[in-house]
2 protein chains.
Amino acid sequence: MARKRNANRNAGTPTLADVARLAGMSEITVSRVVRNQGPIADATRTRVLAAIAQLGYIPNRAAGSLASAASTLMTVILPSLSNIVFPDVLRGIHTAITETAFQPVIGVTDYDPLIEERILLSFLAWQPAAVILAGLHHTPTARKHLEQGRFRVAELMDIDGDPVDIAVGMSHRQAGYETGRHLIKRGYRKFGYAGHMLVHDDRAKARYEGLCTALQEAGLSLVAEMRSPGGGSTIAGRELLEKLLAAHPDLDVVIFPNDDMAMGGIFHCMHAGIAIKERLGLFGFNGLDIGQVMPLPLSTILSKRFLIGKTAAEKLLESRERPAEKTIINTGFDIIEGGTA
Amino acid sequence: MARKRNANRNAGTPTLADVARLAGMSEITVSRVVRNQGPIADATRTRVLAAIAQLGYIPNRAAGSLASAASTLMTVILPSLSNIVFPDVLRGIHTAITETAFQPVIGVTDYDPLIEERILLSFLAWQPAAVILAGLHHTPTARKHLEQGRFRVAELMDIDGDPVDIAVGMSHRQAGYETGRHLIKRGYRKFGYAGHMLVHDDRAKARYEGLCTALQEAGLSLVAEMRSPGGGSTIAGRELLEKLLAAHPDLDVVIFPNDDMAMGGIFHCMHAGIAIKERLGLFGFNGLDIGQVMPLPLSTILSKRFLIGKTAAEKLLESRERPAEKTIINTGFDIIEGGTA
DNA sequence: GTATTTTATGGTAGCGCTGTCATTATTCTT
DNA sequence: AAGAATAATGACAGCGCTACCATAAAATAC
């Protein structure tokens, strides 16, 4: 019976109708006050707000979403949370939407496009207002949904490719290339690469390729490379550099796919008494704070993660509609000369 | 007119009714298949799943939530994302729920209980299945909602207090106390504290108080303390230690509220040529990886952040109902002796 | 002073799904 | 073989809200 159902639910949860009754207005008027939409007389607004406060009314967003076929949720799907990089992006997003009605729903893919697809579909069930993901590479199914959905899409970090709507990030290929150019200019000639095995980390791969291109153009090539089977942690960087140098003691510079690993490299050198920069150059990527506070600041490339997140979210807030044209926002990067290469 | 409305929405979004029609079943049966609920004949399930696949049906969770007065959303409200600590917690939560239907919605409070309250209320509009927050201290309004809501509540990090339902964490007061005992045992006598000004960081405060208690019991007290106006970053730790030592050169050990600041302390000593441990002990909190990989591993306390997040989420998954009794899960902490104190 | 626009409010019909109660086939008891 | 329990499915109302249209009152136009 309907009454039973009501009894179960309504236990102390006031609805629009309750507010309307108390304020002596219709439901739709209360709804308009709540949503700040349409013309409302000041007196009416005051009365309604008083009733809302008195009852402690909390709007039911599920009902609202259902009725309007739209929600205030912003789907954020990131590859990882292990490293501060993506929390930084998330922080940027949060900063942009903190004063808006948007609420971020988070998914983590572990760099796996199939997991990304699964998470995306499960989140689309909420009719999100916008979707943010990392990178430009998704499964065909995911891409299809992203293109056909009634929501805006921002793809972060990477701009080397064809975005669905909006891409915000930097060219990782170029970053790798500039890294190579920079180090060649500094006089390094025997390049080593100490990477990781995250096969789906497209951006690390793009930087690697950019680096190789720069070397090639200068008639050089990687003398040695190794990849740590785990991930890209500091400890992995430390151990990997040790192994790399054991096999190739003649290297004069080693590039890491991120600052965490590069710092591990610094620690190995400190421990093994290797003169950083003079005897062996070390170069990272990301420009983490900690690398810059060290007595010998890490030479690296500053990626603007917070800015990427913030810019993307702001761009998504600009309009409710999908943009007619694709937009690519290049947040660029800075080479931090540092003291290690 | 209804037709117009339909036309706008239905643009390519199949509903349960569409699936039911195609499969030749009733809507409720399709719903049961989707939710894996109730007895369904194998043949029926197969037929329905085929229809779902054919149409690319995605259930509308807003409608489902409205009808059932329950959602699959898990509200996660954290103080900050700037430091890896809370992303670690979030990672633990995500690990626990990744194979379930739960989806985390994230809020960040900047350690402000009023912002926490605002975020909580806005999230309750989704009728979440569970709420996770940090700490045991909330505004009265927030506490009231947490106690009366139709969802389970987990309060993380801290267990010194009275939880709503479930608390998962450690005693920060005890951690501070043990820090003091440990350093006294090591022979340190002239204690300095290099903190920050996050007034709402209750846990740093509890550790500080525990430390003071330990000193007092040994007839000692803090010789000097300073607080950096910014936050608890590595650079702040480095600058603060320099200032602290300039004013109080006789200190023989300095405690920091977190590893980030303590590492800043290490860097200052390295730069200034101060013999760490012999001349000046340094002690942190958190047990971050990076501190342990340094040539001189940081002396600190390992807080089990990932475990806290994971345990809490698992506990919340155990039952759909609010627990009859309060539960406190102490994940404990480990003193890492390290090499800096 | 009437026509037109603007401002403020309400009635009503769903949105897409699930809870509740029935109903019919099937299997198990004794 | 009749009765009881179980398995499998369906009808239907309604969750709480908002889009859509309509209407009344006030302001403005000419």
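Below, all heavy atoms of this structure are taken into account, side chains as well, without hydrogens, waters or symmetry copies. In what follows, chains are A, B, ... by sequence order, proteins preceding strands, each numbered from 1. Just so it is clear, the model here is predicted, and its values are computed rather than measured.
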To the nearest Å, how far apart are [X] [atom1] and [N] [atom2]?
X         : N       : atom1 : atom2 : answer
Asn60(B)  : dG14(C) : CG    : P     : 18 Å
Leu16(A)  : dC15(C) : CG    : C1'   : 15 Å
Asp18(B)  : dG16(C) : CG    : C1'   : 10 Å
Trp126(B) : dC15(D) : CH2   : C1'   : 15 Å
Leu66(B)  : dG19(C) : CG    : C1'   : 12 Å
Arg21(B)  : dC17(C) : CZ    : C1'   : 15 Å
Gln127(B) : dG19(C) : CD    : P     : 13 Å

DNA chain D in dot-bracket, Watson-Crick or G-U pairs under 3.5 Å, [ ] crossing, | other strand? ||||||||||||||||||||||||||||||
Could you tell me whether the side chain of Leu316(B) reaches within less than 4.5 Å of the side chain of Phe102(B), counting heavy atoms only?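 In short, these two side chains do not touch, never coming nearer than 4.5 Å.
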Any side-chain heavy atom of Ser71(A) sitting closer than 4.5 Å to one from Phe151(A)?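 No. Closest side-chain heavy atoms not under 4.5 Å.
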Using only atom types and a distance under 3.5 Å, with no angle test, would you say the side chain of Gln103(A) pairs donor to acceptor with the backbone of Ser122(B)?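 Yes; judged by distance alone, with no hydrogens or angles, the pair exists.
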How about Ser65(A) and Gln127(A): does a side-chain donor come under 3.5 Å of a side-chain acceptor?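 Distance-only check fails for Ser65(A) and Gln127(A).
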Please list residues of residues 24-47 of chain A whose heavy atoms come under 4.0 Å from any atom in DNA chain D, ordered by number; otherwise none. Glu27(A), Ile28(A), Ser31(A), Arg32(A), Arg35(A)
Going by atom type alone, with no hydrogens or angles, which donor-acceptor pairs under 3.5 Å involve a side-chain atom of residues 86-94 of chain B and a protein atom two or more places apart or on another chain?
| unit_1 | atom_1 | unit_2 | atom_2 | d |
| --- | --- | --- | --- | --- |
| Asp88(B) | OD1 | Arg91(B) | NH2 | 3.1 |
| Asp88(B) | OD2 | Arg305(B) | NE | 3.0 |
| Asp88(B) | OD2 | Arg305(B) | NH2 | 3.1 |
| His94(B) | NE2 | Val108(A) | N | 3.2 |

Between Arg143(A) and Asp162(A), is there a salt bridge with N-O shorter than 4.0 Å?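 Yes, charged N to carboxylate O under 4.0 Å.
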Before giving the answer on side-chain contact (heavy atoms from CB on, under 4.5 Å), spell out for Thr109(A) and His200(A) the whole-Å C-alpha distance, their side-chain angles and the decisive distance to 0.1 Å. CA-CA 10 Å; Thr109(A) 68; His200(A) 289 298; over 6 Å; no
How about Lys304(B): does its NZ atom have over 12 heavy atoms from other parts shown lying under 6.0 Å from it? yes
